[in-house]
Structures are given as structure tokens and as C-alpha cells.
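Down below is the structure, laid out as C-alpha cells.
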Amino acid sequence: MLEIKNLQVNYGPINALKEVTMTIEKNKINAIIGVNGAGKSTLLNTISGLVDPDQGEISYKGRQIQNIPVEKRVKLGIGHVMEGRRLFKDQSVHDNLLIGFYFRNPKEKRRNALLKINEIYKQFPILGNKQNQMAGTLSGGQQQILIISAALLSEPDLLLLDEPSLGLAPIIIDEVYQLLEELKSKGMTIIISEQMAALALRISDVGYILERGQVVKKGDRSYLKSLLDSDGLSSVYLGKA
Ligand code: ATP
């Protein structure tokens with residue numbers, strides 16, 4: 001689905017990613033685990049095209065994409081939910097979806113935008129029922145679903161989510177994770193970044209541990225769990241689940 005080879009990103013003298021190589025498997029939830037500053041956001045931003053790599057290749061469905069613009073990557077099926085809750089709280093739910101749609105598909109006809117938004121309302125009736133309400137009045141979980149829905153409007157096959165649990169109460173994290181599992185059951189491939197391995201591993205099939213821009217460990221959920229439990233990394237990575 002997605003092959004990353006020897007990816008390197010520098011911000012001036014800072015090496016944010018160093019020779020990152022990974023194979024993201026189709027229809028799985030893949031976790032990128034690392035502490036603050038490990039390079040998680042840089043990696044997701046480089047996959048979606050917001051950051052240009054200094055070196056390396058990214059191929060998606062067999063096609064090299066590292067030099068093509070964000071907009072084209074969206075068209076190829078890459079959706080990205082960036083870090084932090086980026087909602088326009090004083091705009092309605094409907095307008096947030098419109099803004100989200102046009103941010104990703106600036107040249108599309110309005111009719112298509114409305115059709116896609118109606119599909120989202122069918123999928124998430126709570127958003128349809130509250131479409132005229134200000135986004136800031138939704139609960140935390142509903143806001144996160146709204147943010148993810150905006151990315152779903154372009155019908156991605158690969159969805160990147162940067163720390164989707166950040167700042168959310170545990171019960172809301174459950175709601176968001178349930179949504180991600182539903183998306184996976186419909187065939188989507190998902191990459192999430194997480195600081196707390198214990199959280200990520202609750203839903204991930206595969207995980208990569210990133211340290212100072214390098215992949216230091218990778219494996220399936222049970223391998224990573226045993227690794228984190230056994231070698232003393234747990235206090236750094238497990239956090240509270
Ligand atoms: P966080 O959880 O804080 O988002 P992260 O694992 O996502 O951390 P990145 O944000 O990718 O890590 O940062 C990786 C490194 O690159 C850090 O040292 C960070 O300070 C640096 N960095 C990130 N963005 C920039 C930028 N625009 N300019 C300069 N340095 C940056």
C-alpha cells in the first residue's frame with residue numbers, strides 16, 4: 001500500500017527523520033509511536049505532502065509520490081487529520097465540513113461537496129442532526145468525529161491521524177477508536193501517531209517506535225507489547241491506557 005524508503009527530513013540543522021524505511025500494510029491500523037519531538041508529525045506530513053523530504057522515496061499503490069503536491073495526493077486517496085483539533089468553533093457543523101472539503105478539493109463543484117456531506121450525515125446522524133449548530137457546542141467526541149469526517153469527505157483509502165487521542169477524555173478516545181475500527185472494517189488503511197504506546201496498541205495491528213527520527217523497533221501488537229513490558233521502556237512509552 002505504502003512503501004517508504006530511506007526518508008530523510010531536515011529542518012536546517014535538525015534531522016527530524018533519518019533513513020526511515022517502512023512498509024505500511026493495507027487494511028491495517030499502523031501506529032507510529034514516539035515521544036514528543038521523535039518525528040511523528042514530520043513523518044505524517046511528509047506522507048501527505050505538507051513537508052518535502054530531503055532524501056528518500058514514498059510510493060503509494062506502486063506510484064512514487066514524494067514529489068507530487070498535497071492536492072494530488074488527496075485525489076490518489078491519502079487523507080490527513082493533522083495534530084490538534086482544528087475546528088472553526090464559531091462556524092456551524094455544516095460549514096466546517098464545507099471548509100474541510102474545499103481545503104482538500106479546492107476545485108470541486110459545490111454540488112459534489114453537498115452530495116459528499118450528505119453521505120457523511122447518513123453515516124453519522126449526530127452530525128446531520130446538529131448541522132446548523134456551532135461546532136464549538138458539540139461534545140469532545142463529536143468534535144473529533146467532525147474533524148475526521150472532514151477528511152473522509154475526499155474518500156481516502158489511506159487515512160493519517162496525528163495523535164487523535166491528544167487531550168481527549170478516555171471515554172471519548174474509545175469513541176474515536178471505535179470509529180477507526182469501523183473504518184478499517186470497511187477496508188481503509190490507517191496510520192495513527194501516538195505518544196503512548198499502550199493507547200496505540202489497543203487498536204493497532206502493527207507498530208513502529210520512532211526515536212529521534214529513526215525507527216528503532218517495529219512489529220505486530222503482541223511483539224510490541226511484550227517488548228515494551230520487558231525491556232524497561234514501558235515507563236516512557238506505556239503511559240496510562
Ligand atoms: P510532537 O508530539 O510534539 O508533535 P513529533 O514526534 O510529532 O512531536 P515532530 O513535530 O515531527 O515530532 O518534530 C521532530 C523534530 O523536528 C523536533 O526536534 C522538532 O523540534 C523539529 N521540528 C518540527 N517541525 C519543525 C519546523 N517546522 N521547523 C524546525 N524544526 C521543526
Side-chain angles (χ1 to χ4, degrees), residues 2-24 29-58 60 65-67 69-70 73 78-87 103 140 143-144 147-148 150-151 156 158-170 172-173 176-177 180 189-204 206-219 221 224 227-228 233-241:
L2 185 78
E3 292 273 351
I4 296 172
K5 265 194 221 148
N6 293 324
L7 202 64
Q8 179 134 345
V9 174
N10 305 319
Y11 298 112
I14 298 168
N15 303 129
L17 294 181
K18 288 171 228 160
E19 300 192 347
V20 169
T21 293
M22 45 176 77
T23 301
I24 297 297
I29 301 183
N30 302 265
I32 311 295
I33 299 159
V35 298
N36 240 335
K40 305 178 299 298
S41 302
T42 301
L43 177 59
L44 298 188
N45 290 343
T46 311
I47 296 170
S48 69
L50 295 169
V51 168
D52 289 328
D54 290 277
Q55 258 181 54
E57 290 173 4
I58 306 174
Y60 175 64
I65 59 163
Q66 70 273 4
N67 295 320
V70 179
R73 295 191 212 194
I78 300 178
H80 187 185
V81 179
M82 282 171 271
E83 189 178 349
R85 279 193 267 163
R86 284 159 207 261
L87 269 183
F103 175 69
Q143 290 190 18
Q144 192 71 330
I147 291 167
I148 296 174
L158 171 67
L159 185 62
L160 317 173
L161 298 118
D162 203 346
E163 301 203 39
S165 67
L166 197 69
L168 297 179
I172 296 170
I173 296 176
V176 172
Y177 278 10
L180 299 184
T189 304
I190 295 173
I191 308 179
I192 60 169
S193 78
E194 243 318 325
Q195 292 195 28
M196 301 222 200
L199 270 182
L201 294 176
R202 257 170 43 194
I203 55 161
S204 310
V206 183
Y208 291 83
I209 298 185
L210 208 57
E211 274 182 16
R212 287 184 225 95
Q214 282 180 306
V215 176
V216 292
K217 301 268 194 268
K218 62 179 173 189
R221 185 192 337 217
L224 284 170
L227 188 78
L228 291 171
L233 287 173
S234 51
S235 56
V236 181
Y237 289 110
L238 281 175
K240 279 196 227 139

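We count residues from 1, following the sequence as given. When a ligand or atom number is given, it counts from 1 through the structure's own listing order.
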Do any pairs count as a salt bridge (charged side-chain N to carboxylate O under 4.0 Å, His left out) and have a residue in residues 33-55, sequence neighbours left out, and if so which ones?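 Counting only pairs at least two positions apart or across chains, the salt bridge (charged side-chain N to carboxylate O under 4.0 Å, His left out) contacts touching residues 33-55 are K40-E163.
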Could you point out which residue of I32, L2, L7, N30 forms a side-chain contact (heavy atoms from CB on, under 4.5 Å) with M22?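 Only match with M22 under side-chain contact (heavy atoms from CB on, under 4.5 Å): I32.
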Counting only heavy atoms on the protein side, is anything nearer than 4.0 Å to atom 20 (O) of ligand 1?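 Under the 4.0 Å cut-off, atom 20 (O) of ligand 1 has no protein heavy-atom neighbours at all.
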Closer than 4.0 Å to some heavy atom of Q195 - which atoms of ligand 1 meet that?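 The list of qualifying atoms is 2 (O).
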Close-contact set for ligand 1 against A38 heavy atoms, below 4.0 Å: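 Under 4.0 Å from A38, ligand 1 has these atoms: 5 (P), 6 (O), 12 (O).
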To the nearest 0.1 Å, how far is atom 29 (C) of ligand 1 from its closest protein heavy atom, and which atom is that?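 Result: Y11 CB, 3.3 Å.
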Is G34 in contact with ligand 1, taking contact as a heavy-atom separation below 4.0 Å?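 So G34 does not count as touching ligand 1.
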Min heavy-atom dist L17 to ligand 1 below 4.0 Å: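 Judged by the 4.0 Å heavy-atom criterion, L17 does not count as contacting ligand 1.
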With sequence neighbours excluded, what pairs up with S41 under the side chain to side chain contact (heavy atoms under 4.5 Å, CB included) test?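 For S41, the residues satisfying side chain to side chain contact (heavy atoms under 4.5 Å, CB included) (neighbours in sequence not counted) are N45, E83, D162.
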So is there a nitrogen or oxygen of I14 less than 3.5 Å from a nitrogen or oxygen in ligand 1?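 No, no N or O pair falls under 3.5 Å.
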Please check whether A16 reaches ligand 1 - meaning an N/O of the residue sits under 3.5 Å from an N/O of the ligand, judged on distance alone.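 N/O-N/O distance under 3.5 Å: no.
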Could you give me the CA-CA distance, side-chain angles and deciding distance for I47 and Y60, then say whether side chain to side chain contact (heavy atoms under 4.5 Å, CB included) is met? CA-CA 9 Å; I47 296 170; Y60 175 64; over 6 Å; no
Output, in order, the C-alpha distance, side-chain angles, deciding distance and verdict of side chain to side chain contact (heavy atoms under 4.5 Å, CB included) for Y208 and I24. CA-CA 10 Å; Y208 291 83; I24 297 297; 4.1 Å; yes
Residue portion contacting ligand 1 (non-hydrogen atoms closer than 4.0 Å) for L43: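 No part of L43 comes within reach of ligand 1.
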What are the two closest non-hydrogen atoms of V176 and Q144, and how far apart are they?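 Result for this residue pair: CG2-CG, 3.5 Å.
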